Number of protein chains: 2
Amino acid sequence: MPEVPCPVTRPPREPRRPLTLRDVSEASGVSEMTVSRVLRGRGEVSEATRERVMAAARQLGYVPNRIAGGLASARVNLVAVIVPSLANMVFPEVLTAATEVLEGAGLQPVVGVTGYDPDREERVLYDMLAWRPAGVILAGLEHGAATREMLRAAGVPVVEIMDVDGEAVDSVVGISHRRAGRQMAAAILDAGYRRIAFLGTMMPFDHRARKRMEGFEAVLAAAGVALAAREFYSGGSALAKGREMTQAVMARRADLDFLYYSNDMIGAGGLLWCLGQGFDIPDRLGLAGFNGLELIDGLPRRLATMDACRREIGREAARIVVAGRAAAGSRIELTPVLAPGDTIRGLR
Amino acid sequence: MPEVPCPVTRPPREPRRPLTLRDVSEASGVSEMTVSRVLRGRGEVSEATRERVMAAARQLGYVPNRIAGGLASARVNLVAVIVPSLANMVFPEVLTAATEVLEGAGLQPVVGVTGYDPDREERVLYDMLAWRPAGVILAGLEHGAATREMLRAAGVPVVEIMDVDGEAVDSVVGISHRRAGRQMAAAILDAGYRRIAFLGTMMPFDHRARKRMEGFEAVLAAAGVALAAREFYSGGSALAKGREMTQAVMARRADLDFLYYSNDMIGAGGLLWCLGQGFDIPDRLGLAGFNGLELIDGLPRRLATMDACRREIGREAARIVVAGRAAAGSRIELTPVLAPGDTIRGLR
DNA sequence: CTGAAAGCGCTAACAC
DNA sequence: GTGTTAGCGCTTTCAG
């Protein structure tokens, strides 16, 4: 990556007109083309020239204009990354991992947030494609028709992340949430629990949570077990909601012996409430969440969970974008591992 | 904001060459100039023409090229937002609030992450300024000389956020962390605690945490009280670290009667550990954190804390950028409120 | 209300 | 190694 000629001294005068390559060219007595080469670190340039150019650029405080550069070269170092939310730690983590890989390749993520709203997703994508990014990473496989069409026509790598249960436009990196739900159900049944409740978010467009629940119920049904209760929430502090939902569901069905939460944060809230009630965990009552958040390490007991492979997803998605056309159509299904923690009996 | 002419039907053929205004112009029989007007929603255009153009654009799946547009108009709808980290929920929250305001004004945030590293901050800023953003929002007042110089020379609104203790390049929106530390110290002393420890992060560039500690110690010193212990951590799950640090510090100084944490997450970990130990909180031992995270609502006891005004900071910073030159040099100091929770005695 | 011409600041593709 | 020429796809400006 080219060196950054940041200004260390104040330029002689505050020029009203923005600086251009020409200014650096004149100040250094080198042609614009060569200045451009130096600043991009491309092409063979003699060391002497290079230094004169860098000195002039630094001196003036010149910052190259990528808008012009992008137009001229039809190459842009931006990568669109579109996630449903930043409030759920899962996405900042995916983003952080993706950013590390992208930066290493000289690419710059541009983050868009949809709020789990397909219309906003469409708008956000449209706005980002207007910058002709070098790639698109976006969460989920469910998109509006127009969104899919834009992705298809974008002509750059598109990576749909988090989920693999569905049809991808181009590449996918994620886990099977249906399978994750099934796996958790099997473990719970194995451990002998039978009066099981599901506690989750009330978001029509959180397809991954829905799929986990579907997989979960399917396995229960196959074993002749029906969900004994369901509880949904929306908004507010997830930890507090976990607490409230748990209290509510236990008030309705005191005989429940297992609570499956759609994420670790509400699970943690539920766990704290249950411990406060003095419930015998995991014998009388088992609990499990989803995501494998770091947070779990600090709870009085480790909540059973399943790793959503967030960092790996971010990293692999970024790699696919970096690889360009070579990696088109990749499909990477990661395998979440059940971490039984201390809240499922007999599974230590 | 202009309507989004997203494609609802597949274009007739997959064109290899990217679409341009000219394609829409030809397909609609309207000049490029008028197509441009329609797509941007600028200038007077007859309804009939408008509809023909929109239909053609939608049909083709045309997405305007903002690179070319930005170059021609020297106007860009991007706003650089530079934060130290996404792992600390504080920043995603600021970002979310800022995004709401920016989107409402047709601006698009571009997020950069520095990892609390001044050199990375400089690089990130350089990369962002290369896109000639309409404004810059960045955390903190402490920057390298080159970074300050770039900010000064950017020629667009610059808003430094989170902190007001220091000299700003242009506008500032934040709170005084020194004052926050002082205020907390005063409250703790008022409540009669005297053997006080500080537990925090070991980050040389987390200036805000440092300032809180400085303010905190200053008030203690003025009252003739010295910090009885300090404990620092880095990396790992903050909740777990809070637990470990608390255990460690209490092992060293069992007579401590107050623990002041540099953030709520480690404070929550400490609180959970203390409750597990059966400590008499808040009488025998008081606790306080910082930030006012939502998370607190779900803990067995409400941790005392002080709101960092995160959403308000994001919102106001974005407003200043939206206002443009009119708001240059603004200074907004917000006042964090002490939320005594259940962990400081006599302050319910 | 609509159109034609002239760049925006840079880089690809060639010369030298 | 270095310089020259011609655009990239839009929008500004000015005519009609």
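Bear in mind that the values here come from a model prediction, so they are computed numbers and not experimental data. Numbers restart at 1 for each chain; the letters A, B, ... are given by sequence-line order, proteins then strands.
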Short N/O separations, protein against nucleotides 13-16 of chain D, under 3.5 angstrom:
none

According to side-chain hydrogen bond (donor to acceptor under 3.5 Å, both in side chains), who are the partners of B:R22, at least two apart in sequence or on a separate chain?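 So B:R22 forms no side-chain hydrogen bond (donor to acceptor under 3.5 Å, both in side chains) with any residue.
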Could you work out, with side-chain hydrogen bond (donor to acceptor under 3.5 Å, both in side chains) as the rule, every residue matching A:D23, not counting sequence neighbours? A:R17, A:T20
Any carboxylate oxygen within less than 4.0 angstrom of a Lys/Arg side-chain nitrogen, looking at B:R311 and B:E100?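 A salt bridge is present here (some side-chain N lies under 4.0 Å from a carboxylate O).
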Salt bridge check, B:E103 against A:R120: does any charged N sit closer than 4.0 Å to a carboxylate O?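 Between B:E103 and A:R120 there is a salt bridge, with a charged N closer than 4.0 Å to a carboxylate O.
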From [atom1] of [X] over to [atom2] of [N], roughly how many Å is that when rounded to an integer?
X     : N      : atom1 : atom2 : answer
B:N77 : D:dC10 : CG    : P     : 15 Å
A:L71 : C:dG7  : CG    : P     : 16 Å
A:E26 : D:dG3  : CD    : P     : 14 Å
B:N65 : C:dG9  : CG    : C1'   : 15 Å
A:E51 : D:dT2  : CD    : P     : 12 Å
B:L21 : D:dT12 : CG    : P     : 12 Å
B:E32 : D:dT12 : CD    : P     : 15 Å
B:R17 : D:dG7  : CZ    : C1'   : 15 Å

Distance check, rounded to the nearest 0.5 Å: A:E32 atom CD versus A:E26 atom CD?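 If we round to the nearest 0.5 Å, A:E32:CD and A:E26:CD are 8.0 Å apart.
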Pick the closest DNA chain C nucleotide for B:A68 and for B:V30 by heavy atoms, then say which residue is nearer the 5' end.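 With B:A68 and B:V30 compared, the 5'-side residue is B:V30.
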Given that B:S73 and B:G29 both sit by DNA chain C, which one's nearest nucleotide is further toward the 5' end?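 That would be B:G29.
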Kindly list each side-chain donor-acceptor pair under 3.5 angstrom involving residues 312-319 of chain A, sequence neighbours excluded, with atom names and distances?
from, atom 1, to, atom 2, distance (Å)
A:E316, OE2, A:R319, NH1, 2.7

Side-chain N,O ([X]) to OP1/OP2 ([N]) below 4.0 Å:
X     : N      : value
B:R40 : D:dT12 : yes
B:S31 : C:dA4  : no
A:T34 : D:dT2  : no
B:S36 : D:dT11 : yes

Sequence neighbours excluded and cut-off under 3.5 Å, please list the side-chain donor-acceptor pairs for residues 153-162 of chain A, or say none.
from, atom 1, to, atom 2, distance (Å)
A:E160, OE1, A:V169, N, 2.6
A:E160, OE2, A:H143, NE2, 2.9

Residue pair B:V136 / B:L129, side-chain heavy-atom distance below 4.5 Å: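 B:V136 vs B:L129: side chains touch.
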Steps toward side-chain contact (heavy atoms from CB on, under 4.5 Å) verdict (A:R132, B:V63): CA-CA 9 Å; A:R132 300 296 187 262; B:V63 178; 3.8 Å; yes
When you look at CD of B:E47, are more than 12 heavy atoms from neighbouring residues, nucleotides or ligands closer to it than 6.0 Å?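 Yes, because the 6.0 Å sphere around CD of B:E47 holds more than 12 heavy atoms from other groups.
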Can you tell me which nucleotide in D:dG1, C:dC1, D:dG9 comes closest to the side chain of B:A72?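 So the side chain of B:A72 is nearest to D:dG9.
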Terminal axes of the helix from C:dC1-D:dG16 to C:dC16-D:dG1 (5 end pairs apiece), angle rounded to 10 degrees, sit apart by 20°
